[in-house]
2 protein chains.
Amino acid sequence: MSAVETLTGDDLLKVLAALGNPHRMRIVEALCEGRNYVSRLAREIGMSRPLLHMHLQRLESAGLVVGTLELSDSGKAMKFFEVVPFAYELTPEVIAHAAGTLSGADEADPAAPAKEADQAARAKEEEGARTQ
Amino acid sequence: MSAVETLTGDDLLKVLAALGNPHRMRIVEALCEGRNYVSRLAREIGMSRPLLHMHLQRLESAGLVVGTLELSDSGKAMKFFEVVPFAYELTPEVIAHAAGTLSGADEADPAAPAKEADQAARAKEEEGARTQ
DNA sequence: TTGGCGTGTAAGAAAAAGCTGACACGTGAA
DNA sequence: TTCACGTGTCAGCTTTTTCTTACACGCCAA
């Protein structure tokens, strides 16, 4: 079902960043009702074509939509977009696993390897704190 | 299972925007190993405290983590954070439904109401386009 | 040839997000 | 008193994202 296992942290990051935008959510909504080409889609959702173009690129690079350049009978080249039937599960564990495979910078996580020792030190340091 | 039904579009947007950031993903990862207070967490993941504070606020306002101000035996007030066991399902349909309940601005979607007529016009306009 | 409609992209303004450094406050221990 | 360590927040800079305007190209029909 969920293809999360095969997703790298960077890929999931792309997906979340792409979906975390009202305009792009609306674009996905519009494309859910059927494939469409960008000029018409721009008119329907009331957005400038260059702006829609950018958002579609972001969605496509995240693997959430796909675009195919087609040729209509009237000879006009038109780019049709449609949604990819994705299905991601979002839980703390999935996020944690993805974060571990992030390529961004230092890659340091000195807390994870030390298990028992870390837990012991943590328990000691909390010294019976109670909710205020 | 998934509490998506009860989520408004704005709420889901908050969640996705909060999770779509490498730093915040790492914070969730770190908190998955156990609750922690901000100064120590800042040291462990190598981040300035004010910055971590901001990211934690973003995560908490999205409902992904919760923070409780506690009082240690030594009298120091410390704010402990822990992850909320969330579980969201991410599919085009969920996104589409959420987009429909977005509060942002115009709220216009003239394509959705017209069903048959729209589909007919759409089919007509596509006039047998084939992949290039 | 001109006009309409489709494509793409580049330049620069505007807005939002990210990040740092400094400040203020409180407590317990040396 | 002074120091270490916890809390919170604000001003301002840097960086990224978002958005508009403008241009270039292709094809068909009038």
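So you know, we letter chains A, B, ... as the sequences are listed, proteins then strands, and number each from 1.
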Problem set entry | Verdict with supporting geometry, Leu16(B) and Asn21(A), side chain to side chain contact (heavy atoms under 4.5 Å, CB included) | CA-CA 8 Å; Leu16(B) 294 174; Asn21(A) 175 289; over 6 Å; no
For this session: Check the pair Glu82(A) / Val66(A) against side chain to side chain contact (heavy atoms under 4.5 Å, CB included), numbers first and verdict last.
Result: CA-CA 6 Å; Glu82(A) 61 191 314; Val66(A) 283; 3.7 Å; yes
For this session: Test Ile95(B) against Glu29(A) for side chain to side chain contact (heavy atoms under 4.5 Å, CB included), laying out the working first.
Result: CA-CA 7 Å; Ile95(B) 299 295; Glu29(A) 177 191 24; over 6 Å; no
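Taking atom CG of Leu13(B) as the reference point, atom P of dA16(C) lies 14 Å away to the nearest angstrom. Between the C1' atom of dA29(C) and the CG atom of Asp73(B) lies a distance of 16 Å, rounded to the nearest Å. Regarding Asn36(A), its CG atom lies at a distance of 13 Å from the C1' atom of dG6(C), rounded to whole Å. Taking atom CZ of residue Arg40(B) and atom C1' of nucleotide dA4(D), one finds them 17 Å apart after rounding to whole Å. Here dG8(D) presents its P atom at 12 Å from CZ of Phe80(B), a figure rounded to the nearest Å. For Leu41(A) and dC5(C), the CG to C1' distance is 16 Å, given to the nearest whole Å. The distance between atom CZ of Arg43(B) and atom P of dC5(D), rounded to the nearest whole Å, is 8 Å. Atom CG in Leu69(A) sits roughly 12 Å away from atom C1' in dG26(D) (whole-Å rounding).
Pro92(A) and Phe86(B) make their closest contact through CD-O, 3.2 Å (heavy atoms, listed as atom of the first residue, atom of the second, distance). Considering all non-hydrogen atoms of both residues, Ala18(B) and Arg24(B) come closest at O-NE, 2.6 Å.
With Ile27(A) as the fixed residue, the side-chain contact (heavy atoms from CB on, under 4.5 Å) test singles out one of Val83(A), Asn36(A), Leu59(A): Leu59(A). Partner Leu19(B) forms a side-chain contact (heavy atoms from CB on, under 4.5 Å) with one of Val15(A), Val94(A), Leu90(A) and no other, that one being Leu90(A).
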What pairs of nitrogen or oxygen atoms, one from the protein and one from nucleotides 20-27 of chain C, lie under 3.5 Å apart?
| residue | atom | partner | partner atom | Å |
| --- | --- | --- | --- | --- |
| dT20(C) | OP2 | Ser48(B) | OG | 3.3 |

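The phosphate of dT7(D) has neither OP1 nor OP2 within less than 4.0 Å of any side-chain N or O from Tyr37(B). A close approach under 4.0 Å does occur between a side-chain nitrogen or oxygen of Arg24(A) and OP1 or OP2 of dT18(D). OP1 or OP2 of dG18(C) lies within a sub-4.0 Å distance of a side-chain N or O belonging to Asn21(B).
The pair Arg35(A)-Glu70(A) counts as a salt bridge, with a side-chain nitrogen and a carboxylate oxygen less than 4.0 angstrom apart.
Leu12(A) places none of its side-chain heavy atoms less than 4.5 Å from the side chain of Thr101(A).
Remark: His55(A), Arg58(A) in residues 53-63 of chain A come within less than 4.0 Å of DNA chain D through at least one heavy atom.
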